[in-house]
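What follows is a set of notes on a single structure, which appears directly below.
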Amino acid sequence: MILFIHRKDLRTTDLPAFDAIRAAGSRSLHVLILEPFLLRRQRYLEHSGRNFLAQVSSLQQDYTLQGKQLHILYGEPDTIVRRLSEAYPIQQLMVHADYTPYALHRDQSLRNTSAELGITFKLYHDSMLCDLDDFMEWCGRREPFKVFTPFYRRWRSYLAERFHPPFSSSLTELETSALDERITQDFLVPDEIKLQLEQPTSAGQKMDASRSLEHFLNLNLQDYHVSRDRYALESTSRISRHLNTGAISARTVYNRLTEEEAGIEEWLRQLAWRDFYLYQARLDADFFSYEKVYDLGRLETKYFEAWSMARTGIPVIDAAMTQLNETGWMPNRLRMITAMFLTKNLGCPFIYGERYFRLKLSDYDNVLNRGGWLWSSSLGFDASPYFRIMNPVTQSQTHDPSGSYIRTWLPELAGLPDKVIHLPRPDAIVDLKSSRALAIEIYKEILNRKVAAVKSANGNEL
């Protein structure tokens, strides 16, 4: 028997493990483990946790509709695998890889446990569009790319030549096994989390990944290169909340996108940025510990609460943070603007904003979120230069001249004229000009005083 554990692969098609299970011709026990560490501190009530659990619930419905069985358990993966091995003749354990420090530690523990139990441990790389080892060999490189543009050129050529199409096996072809009720009771999902799994979804959330993708390609792809930064128009795909939980694969998205005849390049670059950050997470030894590579001692947190509560007095910042807090969504340009404002103008260490987004973003992914914050704080590979600091007022005036986004999320400012609505309010907590000058001085010093890297053991997740 094969034990397959779902993680960030919440779908029933295009899974390399499913191809392997079908090829083995064996019955398989399909389990999804809700891990206490990943849902600690009531994360299941935050936007990121709620989206993940909604996708888990959707996955279980897919299994049921196809007459198959998915068993959702709560507990430590090692403990659950040991218990399952006592009850079933498990010969192989199959999972798809994740690359955070927590995930690497968890999977090494599972590998060790499997070896102890005489179970073959199979780990499949599923999240990137390009196979990392093959890509590096094809490029003739030993060292990773540190700048996005040359990476993108090679990535684009590599996929044109060696793209692996979606895997063909589906759940309907597999023979799934039932689970002893006693084991279910031993690892019962807590009532408060079960309640979230059973929450009815809104009409917007009900739209599945495939429909979201088709809707975007049919209506918004052609104008994406122009509209992607006009955040008030809501013309982006929002496919990320499905893609980042694995409810749809990057292969499926890429495969479908390349069927289009025009307008694909700018959106394709977004998929490339996704691969670039995943690439860095696997090859940059400091990716998860840059806060310990650099001395951030001159930074402070006194303005963090005002930023997180949308009380900075800078209209576009407060509007964006209000949307995030209320809905779990923020357009990409506003993510860059708010992140750079926190790290530069407010002089706050990036890790505070990264952790806040970890909770609040419904489309949260640890690697992509960290990559974005490293870019905004001028740390890591191909980050924004320390002296390039986005002015939130100028950004607001440029990308939403009428101020309609601010009027939507800060209705108390709706009556202001177009020329005034973008400007700092009288109670703004920081002066943009002087804080920018100070940020340039501080970050120049930070980047010039690199300290010895100390690798983080855990604490980065999902």
Side-chain angles (χ1 to χ4, degrees), residues 1-24 26-39 52 55-56 59-60 62-63 68-85 87-128 131-133 164 166-167 169-171 174-177 179 183 187 243-251 278 281-282 365-367 458 460-462:
M1 174 180 284
I2 295 172
L3 170 61
F4 171 66
I5 302 177
H6 272 287
R7 275 117 62 122
K8 290 171 63 179
D9 49 14
L10 306 182
R11 60 186 186 274
T12 60
T13 58
D14 187 23
L15 291 164
F18 279 16
D19 267 25
I21 294 171
R22 185 184 67 173
S26 173
R27 287 181 65 87
S28 50
L29 180 64
H30 293 228
V31 172
L32 188 146
I33 301 173
L34 298 176
E35 302 173 43
F37 178 79
L38 299 181
L39 294 172
F52 183 78
Q55 302 281 10
V56 168
L59 176 67
Q60 189 169 48
D62 285 347
Y63 268 77
K68 306 297 180 179
Q69 299 185 72
L70 173 67
H71 311 288
I72 301 177
L73 305 175
Y74 179 84
E76 300 298 334
D78 267 359
T79 304
I80 291 174
V81 168
R82 288 182 182 277
R83 179 73 175 87
L84 292 173
S85 71
Y88 298 93
I90 297 171
Q91 297 171 310
Q92 293 188 62
L93 167 58
M94 295 184 180
V95 295
H96 293 113
D98 194 6
Y99 310 112
T100 68
Y102 171 80
L104 294 175
H105 177 76
R106 174 193 60 198
D107 287 350
Q108 186 57 52
S109 294
L110 284 175
R111 190 186 300 274
N112 295 340
T113 297
S114 297
E116 180 187 333
L117 297 172
I119 296 171
T120 302
F121 182 80
K122 296 279 191 178
L123 184 142
Y124 299 92
H125 295 284
D126 174 58
S127 55
M128 291 181 67
D131 178 276
L132 181 61
D133 294 334
H164 188 294
F167 291 86
S169 297
S170 64
L171 180 63
L174 309 183
E175 188 178 359
T176 60
S177 295
L179 185 64
I183 297 179
F187 301 102
L243 189 58
N244 293 347
T245 59
I248 191 171
S249 74
R251 282 181 301 276
L278 289 166
R282 295 174 66 181
D365 175 271
N366 183 289
V367 170
N458 56 29
N460 290 282
E461 73 249 23
L462 212 59

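Here the structure is a predicted model, which is why all the values come from computation and not from measurement. Any value given below was found using the heavy atoms of this structure, including those in side chains, with hydrogens, waters and symmetry copies removed.
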Nearest-0.5 Å distance that lies between atom [atom1] in [X] and atom [atom2] in [Y]:
{"X": "Arg251", "Y": "Thr13", "atom1": "CZ", "atom2": "OG1", "value": "9.5 Å"}
{"X": "Leu123", "Y": "Leu93", "atom1": "CG", "atom2": "CG", "value": "9.0 Å"}
{"X": "Leu110", "Y": "Arg82", "atom1": "CG", "atom2": "CZ", "value": "10.0 Å"}
{"X": "Arg106", "Y": "Arg111", "atom1": "CZ", "atom2": "CZ", "value": "12.5 Å"}
{"X": "Ile90", "Y": "Leu3", "atom1": "CD1", "atom2": "CG", "value": "4.5 Å"}
{"X": "Asp19", "Y": "Arg22", "atom1": "CG", "atom2": "CZ", "value": "5.5 Å"}

Salt-bridge present (Arg7, Asp126; N to O < 4.0 Å): no
Which atoms form the tightest heavy-atom contact between Leu70 and Gln60, and what is the distance?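 Scanning both residues, the minimum pair turns out to be O-NE2, 3.5 Å.
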Heavy-atom side-chain contact between [X] and [Y] under 4.5 Å:
{"X": "Arg11", "Y": "Ile248", "answer": "no"}
{"X": "Ser127", "Y": "Lys8", "answer": "no"}
{"X": "Thr12", "Y": "Lys68", "answer": "no"}
{"X": "Arg27", "Y": "Pro89", "answer": "no"}
{"X": "Leu171", "Y": "Asp62", "answer": "no"}
{"X": "Tyr102", "Y": "Leu38", "answer": "yes"}
{"X": "Leu32", "Y": "Leu10", "answer": "yes"}
{"X": "Val81", "Y": "Ile5", "answer": "yes"}

For side-chain contact (heavy atoms from CB on, under 4.5 Å), just list the numbers for Phe187 and Ile33, CA-CA rounded to whole Å, side-chain angles, deciding distance to a tenth of an Å, and then say yes or no. CA-CA 9 Å; Phe187 301 102; Ile33 301 173; over 6 Å; no
Determine, step by step, whether Leu29 and Met1 satisfy the side-chain contact (heavy atoms from CB on, under 4.5 Å) criterion, reporting the C-alpha distance in whole Å, the side-chain angles of both residues, the deciding distance to 0.1 Å, and the verdict. CA-CA 7 Å; Leu29 180 64; Met1 174 180 284; 4.0 Å; yes
Has [X] got a side-chain atom pairing as donor or acceptor with [Y]'s backbone, closer than 3.5 angstrom?
{"X": "His96", "Y": "Leu15", "result": "no"}
{"X": "Thr113", "Y": "Asp78", "result": "no"}
{"X": "Asp9", "Y": "Gly246", "result": "no"}

Using distance alone, with no hydrogens and no angle criterion, decide if Asn112 and Glu116 have a side-chain donor and acceptor under 3.5 Å apart.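 Looking only at side-chain atoms, Glu116 and Asn112 do not form any donor-acceptor pair under 3.5 Å.
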Side chains of Ser249 and Asp14 only: does a donor on one sit below 3.5 Å from an acceptor on the other?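 Yes.
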Going by the rule ring-ring contact (aromatic ring centres under 6.0 Å, His included), which residues pair with Tyr99 if we only count those two or more places apart in sequence or in a different chain? His125
Counting the benzene-type ring for Trp, do Tyr63 and His6 have ring centres under 6.0 Å apart? yes
Would you say the ring centroid of His30 lies under 6.0 angstrom from that of Phe18? yes
